[in-house]
*Asks:* 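First the structure, then my questions, so here it is.
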2 protein chains.
Amino acid sequence: MNATIKDIAKRARVSYATVSRALNNKYGVRPETRARIREIARKMSYSPNGIARGLVKRQTRTIGLIIPDITNPFFPEVARGIEDGAQERGYSVFLCNTNWEDARERQYLELLAEKRVDGLVVAPISNVVDAVRGRQYGSIPVVYVSNAPQGTARSFVVIDNVRGAYLATRHLIDSGYRRIGFIGAVEGSLSIDERMEGYKVALRERGLAVSERYIKLGHFRQETGAAVIRGMIEEGDYPEAVFAENDLLALGVIQGVQGMGLAVPRDVAVVGFDDIPFAGFQEVQLTTVCQPKYHMGKTAVGLLLDEIGSGRPRSGAARQVVLEPELIVRKTSLPG
Amino acid sequence: MNATIKDIAKRARVSYATVSRALNNKYGVRPETRARIREIARKMSYSPNGIARGLVKRQTRTIGLIIPDITNPFFPEVARGIEDGAQERGYSVFLCNTNWEDARERQYLELLAEKRVDGLVVAPISNVVDAVRGRQYGSIPVVYVSNAPQGTARSFVVIDNVRGAYLATRHLIDSGYRRIGFIGAVEGSLSIDERMEGYKVALRERGLAVSERYIKLGHFRQETGAAVIRGMIEEGDYPEAVFAENDLLALGVIQGVQGMGLAVPRDVAVVGFDDIPFAGFQEVQLTTVCQPKYHMGKTAVGLLLDEIGSGRPRSGAARQVVLEPELIVRKTSLPG
DNA sequence: GAGCTTTTTGCAAACGTTTGCTACGCTGCG
DNA sequence: CGCAGCGTAGCAAACGTTTGCAAAAAGCTC
């Protein structure tokens, strides 16, 4: 139904090899011939078959993007950066939501392998991607974004989580708070250890005790933050300030605090992590550590396409970039 | 480098046709043979080449998703619904951000055609998709989501915009407001006409005059809302309430009002459209008309895959679903 | 105008599948 | 024992390109 190169060849009375060369601006076809062929192609509204091309060239100009959930406000900007970067260089991107499930991550890996994507950028939730290395996905370039499996040999672009957490916690301490809690997601995040680490480092550095009572883990949802703080308040023993592993949790904490009739930051101060779009909203003014989401996505895809382009064997070529976090002080952490 | 069907055939001492049939559970291969072949395939960690398959079967099990901007909080949920629906039926989806630009929309159309996607779901910004029908994209199934070109013959799933706007405006009137403004995006939205229509209908129905002074168009950005309302306030002539074409604009209006030292809803009430995730946030409590984003995405992709599956010629088979909007009354529209 | 170079074109193989058709070997029946 | 019928398996074409190589045509030089 769609016109093919052969149809054009017939009309133009040349071999289809010539048509191919003409259309691809390859060296070796007379300008007039080229023009004539192009014109015919246009008239027949020819659309090159990327599938056939992909088969012979063994590349699809396509990459896969595997993230937990595009609906989580952290990811759209990352995705956008990736898509923009890919698009600029002629690549298309498959969007894959794992919904924080290992099984789905694995499944997508397989699917994308069958689709013969040229590369993958992954915001991993665990080590599965790395684990399947050496099998069929072993040969396809992967770069991690947002966080990376510990000790991976692949490229990645992440933020310095322990430093970010350190900055956040130190800020709280320096603002005069002493009993500082940590609320995190027990699952769905490779970064929790690092962020808790930074939190503890800051505490110790300032000579404060790390109290397990104020360290709570839940799920990676906004409700977690609310539930956890509410629980503490009801028990009558709650921190003056909390550092939440991410902004969604932090927002939850704020809701929880207010739901109990207390106020932020008067009764409990809070700082988050990520700087999702609404953190800066007038009514919220959440102090948080910023991740340059768009930028991270864009540079990640840049690394990936470089690896793809160079055809360089992945090993040894890995570029692991860790960005410096920036603390954005807004209102939820300012003492009365 | 990747094992092919022929490699397996060699190892199994059968023809590669047999391997194909064995792996695809096709009729006509002895169970033991099938098992043996499968085992060998597994050992060689064979991954079927979807490109080659796509070439012969003339379908890629792939669809394109064209939206303006995944970063706009309206779209992630739609996208998620689409991806979920696609994934359930074995399809992958290309994410394409047009950035509200016609040219990019057109460009993606072409690209996706070359990639031979089996179908497209598009949140259109104008009529270009429909316009290019009849050319190469004419034959590929398209369903619109969120809004659709007027008079299109294709399938779509949208919300009843005029009714939604009517509901919103009427609610404002019934709450006692009289001077009600409309703020919209002049570009980047097919739905603006409909929403303004609903707004006017409500006004007239209640015997209120439509004052052009209170109807302002800007860009599709949050800042627009703020700037517009600020301008009116500075001029000393501003509405008691405003209906914003979407939540982002509405949020902007709120910021603008507060930035001028006034309060919402005391000095100016506001209602939005879309019910983006943060509209319901404690600190915001934006009254708005809800679009069931996830659901819209999921049903849109359902329609698309039905069309694809049936191989039915698109014409005549179009299913155009328009959803009933629901007004969610929160705090930004409640008089003192 | 012969020989040589350079440009333009065509041939055909390859990419990795799916699938219609044919061929082979059995089984069972008459 | 001959043959129909069936269950398995193989052959080869097709899908629509790209590209190395060879052939043809054209342009130069002397």
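In this text, all values refer to a predicted model and were calculated from it rather than measured experimentally. Each chain gets a letter, A, B and so on, in the order its sequence line appears, and its residues count up from 1.
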*Asks:* Return no unless some side-chain N or O of B:R30 is found under 4.0 Å from OP1 or OP2 of D:dT8.
*Replies:*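 No, because none of the side-chain N or O atoms of B:R30 sits under 4.0 Å from OP1 or OP2 of D:dT8.
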*Asks:* Salt bridge or not between A:E39 and A:R34? Use side-chain N to carboxylate O under 4.0 Å.
*Replies:*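 No salt bridge links A:E39 with A:R34.
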*Asks:* Please tell me if B:K26 has a side-chain N or O lying less than 4.0 Å from either OP1 or OP2 of C:dT19.
*Replies:*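 Answer is yes, contact under 4.0 Å.
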*Asks:* Rounding to an integer number of Å, can you tell me how far A:E114 CD sits from C:dT18 P?
*Replies:*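 It is 10 Å, rounded to the nearest whole Å.
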*Asks:* With a 4.0 Å cutoff (strictly under), does any side-chain N or O of A:T18 reach OP1 or OP2 of C:dG10?
*Replies:*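 Yes, such a contact exists.
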*Asks:* Would you please confirm or rule out a distance under 4.0 Å between OP1 or OP2 of D:dT18 and any side-chain N or O of A:N24?
*Replies:*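 Yes.
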*Asks:* Just compare C:dT17, D:dA12, D:dG20 and give me whichever is closest to any side-chain atom of A:R21.
*Replies:*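 It is D:dG20.
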*Asks:* Base, sugar-phosphate alone, or nothing: which one does A:S20 contact when heavy atoms must sit under 4.0 Å apart?
*Replies:*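 Here A:S20 touches the bases of the nucleic acid.
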*Asks:* Is A:D69 salt-bridged to A:R104, cutoff N-O under 4.0 Å?
*Replies:*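 No, A:D69 and A:R104 are not salt-bridged.
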*Asks:* If we only count heavy atoms from C-beta on, is the B:W100 to B:E105 side-chain gap below 4.5 Å?
*Replies:*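 Contact flag for B:W100/B:E105 side chains = no.
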*Asks:* Would you mind reading off the distance between B:L23 atom CG and C:dT17 atom P, rounded to a whole angstrom?
*Replies:*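 Nearest whole value for this atom pair: 9 Å.
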*Asks:* Output yes when at least one side-chain N/O atom of A:T33 is less than 4.0 Å from OP1 or OP2 of C:dT8, else no.
*Replies:*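 A:T33 to C:dT8 OP1/OP2: no side-chain N or O under 4.0 Å.
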*Asks:* NZ of B:K10 versus P of C:dG16: gap in Å, rounded?
*Replies:*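 Checked: the NZ to P distance equals 12 Å.
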*Asks:* Given C:dT7, is OP1 or OP2 found less than 4.0 Å from the side-chain N or O atoms of A:Y27?
*Replies:*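 It does, given that an N or O in the side chain of A:Y27 lies less than 4.0 Å from OP1 or OP2 of C:dT7.
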*Asks:* Using the side-chain heavy atoms of B:V29, tell me which of these nucleotides is nearest: D:dC11, C:dT17, D:dA9.
*Replies:*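 Side chain of B:V29 sits closest to D:dA9.
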*Asks:* From the list C:dT17, D:dT18, D:dT8, which nucleotide is the closest neighbour of the side chain of A:I5?
*Replies:*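 The answer is D:dT18, which lies nearest to the side chain.
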*Asks:* Given D:dT17, is OP1 or OP2 found less than 4.0 Å from the side-chain N or O atoms of A:Y46?
*Replies:*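 For A:Y46, the contact criterion (side-chain N or O under 4.0 Å from OP1 or OP2 of D:dT17) is met.
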*Asks:* Quick one: is D:dG16 close enough that its OP1 or OP2 comes under 4.0 Å of any side-chain N or O from A:T4?
*Replies:*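 No, because none of the side-chain N or O atoms of A:T4 sits under 4.0 Å from OP1 or OP2 of D:dG16.
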*Asks:* Which of the following nucleotides, C:dT18, D:dT17, C:dT8, is nearest to the side chain of B:V56?
*Replies:*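 That would be C:dT18.
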*Asks:* Rounded off to whole Å, could you give me the CD-to-C1' distance for the B:E32 and D:dG7 pair?
*Replies:*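 These atoms are roughly 12 Å apart.
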*Asks:* Using a strict 4.0 Å threshold on nitrogen-to-oxygen distance, state whether A:R106 and A:E110 make a salt bridge.
*Replies:*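 Looking at A:R106 and A:E110, the cut-off is not met.
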*Asks:* Any salt bridge between B:K57 and B:D118, counting N to O under 4.0 Å?
*Replies:*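 Salt bridge flag = no for B:D118 with B:K57.
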*Asks:* Without decimals, in angstroms, what is the distance between B:Q59 CD and D:dG16 P?
*Replies:*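 For the pair B:Q59 CD and D:dG16 P, the rounded distance is 14 Å.
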*Asks:* When the distance from CG of B:N49 to P of C:dT18 is rounded to whole Å, what number comes out?
*Replies:*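 It is 10 Å, rounded to the nearest whole Å.
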*Asks:* Any idea which of D:dC11, C:dG16, D:dA12 is nearest the B:A52 side chain?
*Replies:*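 Within the option list, the nearest is C:dG16.
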*Asks:* At less than 4.0 Å, is any side-chain N or O atom of B:R58 found next to OP1 or OP2 of D:dG16? Yes or no.
*Replies:*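 Looking at the OP1 and OP2 atoms of D:dG16, one of them is under 4.0 Å from a side-chain N or O of B:R58.
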*Asks:* To the nearest Å, how far apart are B:R61 CZ and C:dT17 P?
*Replies:*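 The distance from CZ of B:R61 to P of C:dT17 comes to 17 Å, rounded to the nearest Å.
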*Asks:* Over how many whole Å does the gap from A:L55 atom CG to D:dT18 atom C1' extend?
*Replies:*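 Distance check: A:L55 CG to D:dT18 C1' gives 10 Å.
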*Asks:* Below 4.0 angstrom, N of the basic side chain to O of the carboxylate: do B:R80 and B:E83 qualify?
*Replies:*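 Salt bridge between B:R80 and B:E83, a charged N being under 4.0 Å from a carboxylate O: no.
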*Asks:* OP1, OP2 of D:dG16 versus side-chain N and O of A:K6: anything below 4.0 Å?
*Replies:*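 For A:K6, the contact criterion (side-chain N or O under 4.0 Å from OP1 or OP2 of D:dG16) is not met.
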